[in-house]
A.B. asks: 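Sending over a structure as structure tokens; questions will come in a sec.
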Number of protein chains: 2
Amino acid sequence: MSEAGLPRYHSGGLAGEALLEELRATLVHGNPERTATLDTTLRFVAEHGLGPQSLPVEIIQLVGDRWSALMLTVLAAGTFRPSELQKVVSLLSHIGNSNSISQRVLTAKLRSYERLGFVRRTAWDTVPPRTDYDLTPLGHELVKIIRDIVLWCLDKEDDVRSAIQAFDESEDE
Amino acid sequence: MSEAGLPRYHSGGLAGEALLEELRATLVHGNPERTATLDTTLRFVAEHGLGPQSLPVEIIQLVGDRWSALMLTVLAAGTFRPSELQKVVSLLSHIGNSNSISQRVLTAKLRSYERLGFVRRTAWDTVPPRTDYDLTPLGHELVKIIRDIVLWCLDKEDDVRSAIQAFDESEDE
DNA sequence: CCGAATCCGACGGGATACTG
DNA sequence: CAGTATCCCGTCGGATTCGG
């Protein structure tokens, strides 16, 4: 869904060192005892680049929407035609009292997954037309990661919900 | 940033079974040989609920934006005041030729993290005012997951980029 | 049945100004 | 310095229509 150019990072060079120097000057000023872990963390970020244009963040944004977790998890089960996928995703989302996914965003999402190499599109020119979508090996790896996230979230669900409750209560007093 | 009620799922019961039956009827119809892995996957999704309103997807959406990966990773390095955090995040994002994060979204993000129990807010009523933010243990776990995602993305960066290139080339022909 | 095009409401996110 | 409010714009996402 993003048409950005995804420019490769040209970091890791001298700019990174100068930057770290500037950050050190900024931060240590008000809090002298922090340098050790701070420095290694900042170095990690500076090297890999986690800015909005970085590939990791682009991927995170692509998957961090309303439907991707569900769509990709379902797709991990096999090969689907768009109409099938729409029906399955919609039915499953109804469990949580959510609306159906529209065909528009379904196809758009599938295309963006295909663009990054997460799904494979196979089209026959029959009549009526038929198109199949399934995950690539890379896509299966991605789903594995998503699954880990989901399981972690479910594991921490009680903690998060009590935090939400405590926060909301202390708000409207 | 989302004020939704995050209703708990009431799945896993009979509705799930009826739903699976309906899905089975829909899917096996056009493709009889798929039942085994499909069924277990659908069952997983039906039980845990990965719809747009589910807590996992809410969390994924919260983190799946422009700034969260960077913000949370930086926060993992220690305690920060908002102005410090803004400066660090902005400087680091400049590596990727991105703009700075605005104070508006910075504070909004911090509040939503705090709401879910990922960060802790400590405020003194001094003058001038001072506020410190740092990660909770839960937040540190979250950052660990984000770090894994980022490392995976970086590991697959070449694959993804070549996929993008191939896709875009086959587009404008 | 696939999917592109159009219209439209909602939200994310940036810039600025203002209060405590 | 922390935080909120206002304004604005670009994008996301839903509903509908049309073509192949």
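Quick note: numbers below take in every heavy atom, side chains included, and nothing from hydrogens, waters or symmetry partners.
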A.B. asks: Could you list the residues that satisfy side chain to side chain contact (heavy atoms under 4.5 Å, CB included) with A/Ser100, not counting sequence neighbours?
C.D. replies: A/Ser90, A/His94
A.B. asks: Between C/dC1, D/dT4, D/dC1, which nucleotide gets closest to the side-chain atoms of B/Arg111?
C.D. replies: D/dT4
A.B. asks: Calculate the interatomic distance between B/Asp65 atom CG and C/dC11 atom C1'; express it in whole Å.
C.D. replies: 13 Å
A.B. asks: Around A/Arg147, counting heavy atoms of other residues, nucleotides and ligands shown, do more than 12 lie under 6.0 Å from its CZ?
C.D. replies: no
A.B. asks: Nearest-Å distance, CD (B/Glu114) to C1' (D/dA2)?
C.D. replies: 13 Å
A.B. asks: State whether the side chain of A/Ser93 and the backbone N or O of A/Asn99 hold a donor-acceptor pair below 3.5 Å, judged by distance alone.
C.D. replies: yes
A.B. asks: Between A/Ala123 and A/Gln61, which is nearer to the 5' end of DNA chain C once each is assigned its nearest nucleotide?
C.D. replies: A/Ala123
A.B. asks: Measure CH2/B/Trp124 against P/D/dC1 and give the value in whole Å, please.
C.D. replies: 16 Å
A.B. asks: Which residues pass the side chain to side chain donor-acceptor pair (under 3.5 Å) test with A/Asp134, not counting sequence neighbours?
C.D. replies: A/Arg120
A.B. asks: List in chain and number order the residues that pass salt bridge (Lys or Arg N to Asp or Glu O under 4.0 Å) with A/Asp132, two or more places apart in sequence or in another chain; answer none if no residue qualifies.
C.D. replies: A/Arg130
A.B. asks: C/dC1 phosphate, OP1 or OP2: any side-chain N/O from A/Thr131 under 4.0 angstrom?
C.D. replies: no
A.B. asks: In whole angstrom, what separates A/Gln86's CD from D/dG13's P?
C.D. replies: 15 Å
A.B. asks: Report, one line per pair, each donor and acceptor closer than 3.5 Å where one atom sits in a side chain of residues 136-143 of chain A; sequence neighbours left out.
C.D. replies:
| from | atom 1 | to | atom 2 | distance (Å) |
| --- | --- | --- | --- | --- |
| A/Thr136 | OG1 | A/Gly117 | O | 2.7 |
| A/Thr136 | OG1 | A/Phe118 | O | 3.2 |
| A/Thr136 | OG1 | A/Leu138 | N | 3.4 |
| A/Thr136 | OG1 | A/Gly139 | N | 3.0 |
| A/Glu141 | OE1 | B/Trp152 | NE1 | 2.8 |

A.B. asks: With A/Arg111, which residues qualify under salt bridge (Lys or Arg N to Asp or Glu O under 4.0 Å), at least two apart?
C.D. replies: B/Glu171
A.B. asks: Determine, for nucleotides 14-20 of chain C in 5'-to-3' order, which nucleotides have protein heavy atoms under 4.0 Å from the base (write B), from only the sugar-phosphate (write S), or from neither (write -).
C.D. replies: BB----B
A.B. asks: Send over the distance from A/Lys109 NZ to D/dT11 P, rounded to a whole Å.
C.D. replies: 14 Å
A.B. asks: Tell me the interatomic distance from A/Lys87, atom NZ, to C/dC1, atom P, rounded to whole angstroms.
C.D. replies: 9 Å
A.B. asks: Could you tell me how far apart A/Leu110 (CG) and D/dG13 (P) are, to the nearest whole angstrom?
C.D. replies: 13 Å
A.B. asks: Kindly say if B/Arg81 contacts the phosphate of D/dC1, meaning a side-chain N or O under 4.0 Å from OP1 or OP2.
C.D. replies: no
A.B. asks: Rounding to an integer number of Å, can you tell me how far A/Tyr133 OH sits from C/dC1 P?
C.D. replies: 15 Å
